[in-house]
Amino acid sequence: MSREPNYEFQEWWNKQREKNHDFFTNDSNNANKGFLTVEIRSLNPDLTTEKDRSRSARQLSWICLLRFQQLANSLAWITNSFLLLLRTANRRISAADSPCDSSASRLYRIIKFFLVLVVLLLCVELVAYFKGWHFSPPSAASAEAAVELFYALWLEIRADYLAPPLQSLANVCIVLFLIQSMDRVLLMLGCLWIKIRRIKPTASMEYPMGRVETGNVDDYPMVLVQIPMCNEKEVYQQSIAAVCIMDWPKERMLVQVLDDSDELDAQNLIQAEVQKWHQKDFQPAPDFLKKTIPHFRGNDDLALVQARWAFVNKDENLLTRLQNINLSFHFEVEQQVNGVFINFFGFNGTAGVWRIKALEDCGGWLERTTVEDMDIAVRAHLCGWKFVYLNDVKCYCELPESYEAYKKQQYRWHSGPMQLFRLCFLDILHSKVNKAKKANLIFLFFLLRKLILPFYSFTLFCIILPLTIFLPEAELPAWVVCYVPGIMSVLNILPAPRSFPFIVPYLLFENTMSVTKFNAMISGLFRLGNSYEWIVTKKLGRSSEADLVAFENESDSSVTETTSFLRSSSDSVLEELSKLEVTSRRSVKTKRNRLYRMELTLAFILLSAAGRSLLSAQGELTVGHYRCHLESELQVTLTQHLLTNNSNFGVTGSGLKQFSIGHSLYGCQNANCEATCHWLKYKVCTKQKGIFEED
């Protein structure tokens with residue numbers, strides 16, 4: 001329904017319009033003449049009152065209580081989060097369950113003591129910074145409070161007793177660092193020369209590719225292939241398969257599976273795999289032997305042909321990418337250059353072909369070290385045998401994908417060479433090889449690359465560098481800390497150019513691993529801890545040969561079917577395999593990241609040093625404004641005094657007074673202050689008849 005019109009309102013509106021005609025005006029000058037201007041006035045202006053917004057005391061108290069409650073809740077949340085973080089870190093800190101951890105307990109205690117010392121020094125420097133002692137260091141004579149006297153005595157002890165031995169040790173490490181850097185540069189130049197001249201070993205003959213006829217095998221020597229294993233349940237199938245599918249006459253090849261496993265399930269698995277391959281009669285075309293065996297023809301003094309490692313999981317995670325950088329440099333540069341120029345390098349333990357006569361001549365395999373591959377290579381070299389490295393023949397293997405496995409591997413790789421050096425040092429001196437080969441073995445192979453490298457890496461960058469920040473009287477040049485390590489890192493990455501985006505993580509990773517390598521080197525050299533215990537590097541069993549997959553796809557269905565394997569295996573073995581499969585499924589656990597206490601302690605040391613460096617930078621920034629004014633004022637005062645004095649003197653009179661003022665004001669806290677004090681002393685001491693000598 002429509003609403004009825006209000007006639008009373010219309011009558012009132014018309015009366016008001018006629019009565020107050022001035023309120024409704026037409027603006028003749030306005031372009032829009034059809035609009036009216038209406039002025040609205042309040043009928044009761046005196047009745048409007050402003051509201052009182054003031055709060056009572058009770059309301060204010062409630063607001064304060066709410067604010068305090070919010071603050072308390074925030075503090076409680078931060079505290080609980082911090083405690084939760086500490087509990088999680090405590091649960092994930094790695095325990096000393098491996099030989100490298102147990103033998104590192106002594107080194108860990110030293111590093112922990114060093115961390116406590118660094119934190120105390122940082123607290124002292126914080127007090128000095130807030131007291132303003134970085135700008136005007138106090139002296140023992142003018143000290144008023146006990147804290148000021150303590151800091152003055154600390155400055156004297158630091159300058160007179162601690163800084164000189166630290167500077168001497170730093171200079172020794174710098175010399176070692178430069179020698180090792182020159183060795184890297186020479187290796188890179190040698191590798192560049194090999195690339196430019198296209199130098200590579202050539203064989204006197206070549207074997208035809210493809211299946212070999214049964215009656216035409218006289219040109220193929222007898223080959224013994226050994227597959228050592230020890231509880232390697234993840235890779236035993238790939239290792240045996242890669243050997244059994246080699247393109248070599250079956251009657252001219254003998255395969256030995258050397259199983260040292262102490263676990264029953266691993267023994268059963270390897271036994272079943274060997275039985276399975278006994279039932280198969282095939283021969284695809286992997287050509288490893290056909291590329292390596294021809295080099296022995298016509299080279300009667302050749303003992304070893306070493307192939308290059310290639311990695312199937314180099315892009316799996318950041319750890320494998322960083323490992324690939326080091327190993328690419330090792331194979332592409334070190335092994336290739338040593339093989340071309342001196343015919344000697346360390347045997348890598350696999351992907352190599354040995355002459356049996358050379359093994360018998362040097363005494364065979366020995367168990368005296370954890371690096372029996374390097375041991376037999378050194379003994380063969382001392383007997384006069386030569387080695388050949390083939391960079392274009394690759395053998396696929398797997399990199400450890402966990403930090404724990406990699407740490408154990410590096411511990412064995414760096415403790416074993418020191419064990420071997422201690423045992424064979426006298427043999428090297430008494431051997432019949434020439435002096436150049438003896439010098440190469442002792443100084444380059446063992447001392448420089450196996451001992452000096454881990455020593456200066458840990459000592460210089462993990463110990464001396466933080467100490468020089470807390471003891472500024474001992475200093476490291478910027479080119480030692482920044483430029484040379486950066487250049488060396490670029491040289492290391494050149495053989496793996498795809499890894500250039502990881503150069504910064506690589507620098508941090510090498511600094512972290514220097515702790516493990518240094519500990520392993522010391523343990524092997526002095527027979528500390530369980531340095532002789534062998535721990536197999538844990539692998540995940542990734543596919544190592546594309547040919548294996550291709551072969552399985554192309555092989556006969558009667559051979560590859562599961563039923564054929566069932567018929568070729570015994571019932572007892574099948575029962576064991578089924579039990580192992582069920583057990584392995586039940587034992588799968590969720591992986592969690594772990595924290596390692598030694599690396600964590602070292603990280604806190606470096607963070608403390610970084611905090612101290614930040615304080616020094618802020619102090620020097622403020623002191624710089626004082627230095628500009630004081631330096632000019634002191635120089636003008638000394639110049640006026642010397643020009644008005646005709647006698648020659650060293651540091652006496654007012655010259656000594658002004659020099660002492662400059663020395664106390666600057667405090668010799670850094671190199672710039674020291675240079676200023678030496679400049680003032682030089683100007684005083686070299687005055688000759690009112691005229692300064694030219695610098």
Side-chain angles (χ1 to χ4, degrees), residues 223-248 250 253-293 304-314 316 320 323 327 331 347-354 365 371-373 393-401 405 408-409 412 534-552 555 559-560 565 568-569 573 576-577 580-581 584:
V223 176
L224 171 64
V225 182
Q226 294 179 329
I227 311 175
M229 293 186 178
C230 182
N231 300 326
E232 297 179 275
K233 295 180 291 186
E234 295 82 9
V235 296
Y236 72 98
Q237 290 179 324
Q238 299 170 7
S239 301
I240 296 175
V243 171
C244 293
I245 65 176
M246 284 185 176
D247 186 11
W248 199 256
K250 184 177 180 180
M253 182 172 64
L254 177 62
V255 179
Q256 291 181 347
V257 180
L258 309 177
D259 183 20
D260 293 332
S261 303
D262 54 5
E263 299 178 2
L264 182 60
D265 52 354
Q267 295 177 3
N268 293 333
L269 288 172
I270 295 173
Q271 182 182 1
E273 186 71 14
V274 172
Q275 291 180 4
K276 180 179 70 173
W277 282 100
H278 271 303
Q279 302 296 326
K280 295 186 178 182
D281 187 12
F282 53 83
Q283 210 167 37
D287 53 359
F288 176 76
L289 291 177
K290 287 188 175 181
K291 289 183 177 180
T292 55
I293 296 297
L304 169 66
V305 176
Q306 173 72 56
R308 179 178 178 173
W309 290 4
F311 310 104
V312 296
N313 60 337
K314 62 182 179 180
E316 184 64 26
T320 57
Q323 293 178 64
L327 292 174
F331 286 103
F347 175 45
N348 295 114
T350 185
V353 181
W354 277 92
W365 301 99
V371 285
E372 69 280 357
D373 45 6
V393 179
K394 297 181 180 180
C395 182
Y396 288 90
C397 61
E398 183 180 338
L399 292 168
E401 297 182 9
K408 294 176 181 178
Q409 181 195 67
R412 188 178 74 248
W534 176 275
I535 295 182
V536 179
T537 304
K538 186 175 179 57
K539 301 179 178 64
L540 300 179
R542 300 185 180 276
S543 177
S544 59
E545 282 283 2
D547 294 336
L548 296 178
V549 180
F551 167 75
E552 292 295 334
S555 60
V559 180
T560 57
F565 173 69
S568 64
S569 303
V573 174
E576 293 292 337
L577 291 177
L580 292 174
E581 185 177 0
S584 62

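Only heavy atoms go into these numbers, but all of them, side chains included; no hydrogens, no water, no symmetry mates.
Distance check, rounded to the nearest 0.5 Å: CG of L327 to SG of C397 gives 8.0 Å. Note: N313 CG to E398 CD = 5.0 Å, rounded to the nearest 0.5 Å. Rounding to the nearest 0.5 Å gives a distance of 8.0 Å between CG of N231 and CG of D265. With values rounded to the nearest 0.5 angstrom, L289 atom CG is found 6.0 Å from W248 atom CH2. The structure places CG of L269 at 12.5 Å from CD of E232, a figure rounded to the nearest 0.5 Å. Atom-to-atom distance recorded for Q409:CD and L399:CG is 8.0 Å, nearest 0.5 angstrom.
Across every non-hydrogen atom of V393 and A307, the tightest pair is O-CB, 3.3 Å. Among all heavy-atom pairs drawn from V312 and Y396, the shortest one is CG1-CD2, 3.7 Å. Closest heavy-atom contact between S261 and Q267: O-NE2, 2.7 Å. Across all their heavy atoms, A266 and K233 have their closest contact at CB-CG, 3.7 Å.
With a 4.5 Å cut-off on side-chain heavy atoms, Q323 and P400 count as touching. The shortest side-chain heavy-atom distance between I240 and M229 falls under the 4.5 Å cut-off. In this structure the side chain of Y236 never reaches within 4.5 angstrom of the side chain of D259, judged on heavy atoms. Inter-residue side-chain proximity for F288 and V353 is flagged as met; some heavy-atom pair is nearer than 4.5 Å.
Ring geometry, W365 versus F347: the interplanar angle falls from 30° to 60°, so the pair is classed tilted.
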For this session: Would you sort out whether T320 and F311 count as a side-chain contact (heavy atoms from CB on, under 4.5 Å), showing the intermediate values?
Result: CA-CA 9 Å; T320 57; F311 310 104; over 6 Å; no
